[in-house]
Number of protein chains: 2
Amino acid sequence: MDIVRILQSSTLFSGTGGDEIPHLLQCLEGRTSDFPRDYTIIDEGDYSDEIGIVLSGSVHITRHDFWGNRSLVANIGVGESFAEALACTARPSEVSVITAEQCTILFLNVHKVITSCEHGCTYHHTLIENMVRLLSQRNQELMKKITHLTKRSTREKLLSYLSSEAQRQQSQTFTIPFDRQQLADYLCVERSAMSSELSKMQADGILDYQRREFTLHHEEV
Amino acid sequence: MDIVRILQSSTLFSGTGGDEIPHLLQCLEGRTSDFPRDYTIIDEGDYSDEIGIVLSGSVHITRHDFWGNRSLVANIGVGESFAEALACTARPSEVSVITAEQCTILFLNVHKVITSCEHGCTYHHTLIENMVRLLSQRNQELMKKITHLTKRSTREKLLSYLSSEAQRQQSQTFTIPFDRQQLADYLCVERSAMSSELSKMQADGILDYQRREFTLHHEEV
DNA sequence: GCGGTTATGTTGTTTTTACAACAAAAAAGG
DNA sequence: CCTTTTTTGTTGTAAAAACAACATAACCGC
């Protein structure tokens with residue numbers, strides 16, 4: 001695992017020199033941990049002042065309500081980060097962070113990112129600007145998620161999500177990071193109704209799929 | 001209108017001295033504009049590198065899809081800001097910003113906020129930290145909005161929204177910033193179904209309401 | 001106050017979704 | 001390879017939401 005390469009492709013460290021990264025990690029009190037599958041890294045109500053960056057594996061951001069209704073807010077893959085907003089606000093977490101598979105996570109002290117450091121790291125100001133961009137991007141992603149949720153029917157939600165995923169992966173054929181139950185939790189619909197809607201959509205020639213691999217045809221609305 | 005007092009209570013300027021604000025405004029290329037009701041300040045697809053702060057009135061953040069389905073993402077009141085993420089990402093806007101009533105808006109150049117300035121403004125670093133906090137807060141608000149949307153039934157969505165509003169306004173009795181159609185657009189449900197659900201909830205003794213004024217009773221789930 | 005306009009509430013019908021139960025297919029683990 | 005477990009798909013029924021149409025109430029300009 002090439003940590004430096006992963007970090008250079010991350011939003012937070014973009015524009016920093018590869019040489020500088022080990023020094024920055026030290027300055028930001030970086031530490032890595034390994035977690036097994038289905039491990040709760042952050043629970044609802046927890047406090048944290050560390051941001052997490054996924055070095056291997058992937059994690060899910062989830063919520064649970066009184067009646068055990070689970071909802072999946074987001075999927076975070078390699079090179080992506082989580083808990084930025086949590087670490088910056090000193091408020092209890094609204095969500096849980098749970099590993100979707102075996103993971104290696106890098107934790108960084110957010111306060112060290114935000115405040116200028118006394119060691120005069122060259123790239124410190126770059127980090128702060130990146131932090132602003134990172135939060136802005138996360139913001140727009142949440143907005144996009146809201147776009148899917150505001151769709152009134154299961155079919156529209158599926159099309160909204162799948163077409164945004166096709167766009168993100170720059171291909172009509174793409175793989176989603178969710179199984180059916182997780183996809184239903186993500187779109188806030190009922191799994192079996194969604195399954196049946198998917199097969200109708202396939203019958204209508206809108207798309208093809210096989211497990212996690214989907215192909216959108218051009219007729220989509 | 002006491003601009004300095006409004007700004008001091010805003011997240012972006014918190015911790016800055018009142019004396020310094022006029023100087024900062026100049027440094028950030030601040031400009032104010034007045035808008036009539038129902039005026040589109042930012043349209044979907046627009047670019048902007050200015051953040052807006054509401055000095056009087058209020059604005060709505062909205063989206064429209066192909067079939068004219070309107071959805072209301074948020075309401076922004078006096079002292080609150082909008083377009084932070086838009087201004088920070090150089091990407092086209094996912095949403096529109098439309099005045100809900102007659103408004104005065106202060107616009108600030110985001111790049112001047114983020115990059116250190118050559119005039120050596122004392123509070124410049126405070127501003128950058130505030131910007132990070134502001135984006136984090138906006139983030140958590142979007143998360144809260146998602147919480148409402150993930151509720152499966154109209155009744156649950158109403159309770160989720162109304163109880164969060166009661167908490168925010170620190171009172172069992174409170175006024176919402178939406179009329180019925182806007183509330184339906186905000187919660188992504190159908191207006192008349194929502195109206196009828198509200199009257200059922202009133203019959204069940206869960207709440208009382210009269211137009212925009214609601215009272216939640218303690219039995220709420 | 002009066003007519004026009006908009007906002008809100010009500011009701012019945014159609015459509016969609018949630019739920020439950022189960023069948024089939026795939027994956028996991030010896 | 002075979003068994004067990006998990007995932008996915010299917011179907012019928014009950015519940016809920018969307019829709020449409022209308023009644024009533026509040027608001028606005030004159």
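Quick note on labels: first sequence line is chain A, next is B, and so on, each numbered from 1.
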(request) Go through the structure and list residues passing side chain to side chain donor-acceptor pair (under 3.5 Å) with A:Asp179, not counting sequence neighbours. (result) none
(message) Is A:Ser192 close enough to C:dA20 that one of its side-chain N or O atoms is under 4.0 Å from OP1 or OP2 there?
(response) no
Polar atom pairs between nucleotides 4-6 of chain C and protein, under 3.5 Å, N or O only, would you list them?
none

(request) Please determine which of B:Leu25, B:Val4, B:Asn130 meets the side-chain contact (heavy atoms from CB on, under 4.5 Å) test together with B:Phe13. (result) B:Leu25
(request) Name all residues meeting the ring-ring contact (aromatic ring centres under 6.0 Å, His included) criterion together with B:Phe107; count only those two or more places apart in sequence or in a different chain, and write none if there are none. (result) none
(request) For B:Arg211 and B:Thr175, test the side chains for any donor-to-acceptor distance below 3.5 angstrom and give the result as yes or no. (result) no
(request) May I ask you to decide whether A:Arg37 forms a salt bridge with A:Glu101, counting only side-chain N to carboxylate O separations under 4.0 Å? (result) no
(request) Assign A:Ser196 to base, sugar-phosphate, or nothing according to its heavy-atom contacts below 4.0 angstrom with the strands shown. (result) base
Between the protein and nucleotides 23-30 of chain C, list every N/O to N/O distance that falls short of 3.5 Å.
{"from": "C:dA26", "atom 1": "O4'", "to": "A:Arg211", "atom 2": "NH2", "distance (Å)": "3.4"}

(message) Under a plain distance cut-off of 3.5 Å, with no hydrogens placed, do A:Asp34 and A:Gln102 share a side-chain donor-acceptor pair?
(response) no
(message) In whole Å, I'd like the distance from the CZ atom of A:Arg180 to the P atom of D:dT8.
(response) 6 Å
Shorter than 3.5 Å, N or O on both sides, protein versus nucleotides 15-17 of chain D: list them out with atom names.
{"from": "D:dA17", "atom 1": "OP1", "to": "B:Thr154", "atom 2": "N", "distance (Å)": "2.7"}
{"from": "D:dA17", "atom 1": "OP1", "to": "B:Thr154", "atom 2": "OG1", "distance (Å)": "3.4"}

(request) Give B:Tyr209 one of three labels, base, sugar-phosphate or nothing, depending on what nucleic acid heavy atoms sit under 4.0 Å from its own. (result) sugar-phosphate
Pairs of donor and acceptor atoms involving the side chains of residues 74-81 of chain B, under 3.5 Å and at least two apart or interchain, shall be tabulated with distances.
{"from": "B:Asn75", "atom 1": "OD1", "to": "B:His60", "atom 2": "NE2", "distance (Å)": "3.2"}
{"from": "B:Glu80", "atom 1": "OE1", "to": "B:Gly77", "atom 2": "N", "distance (Å)": "2.5"}
{"from": "B:Ser81", "atom 1": "OG", "to": "B:Glu84", "atom 2": "OE2", "distance (Å)": "2.9"}

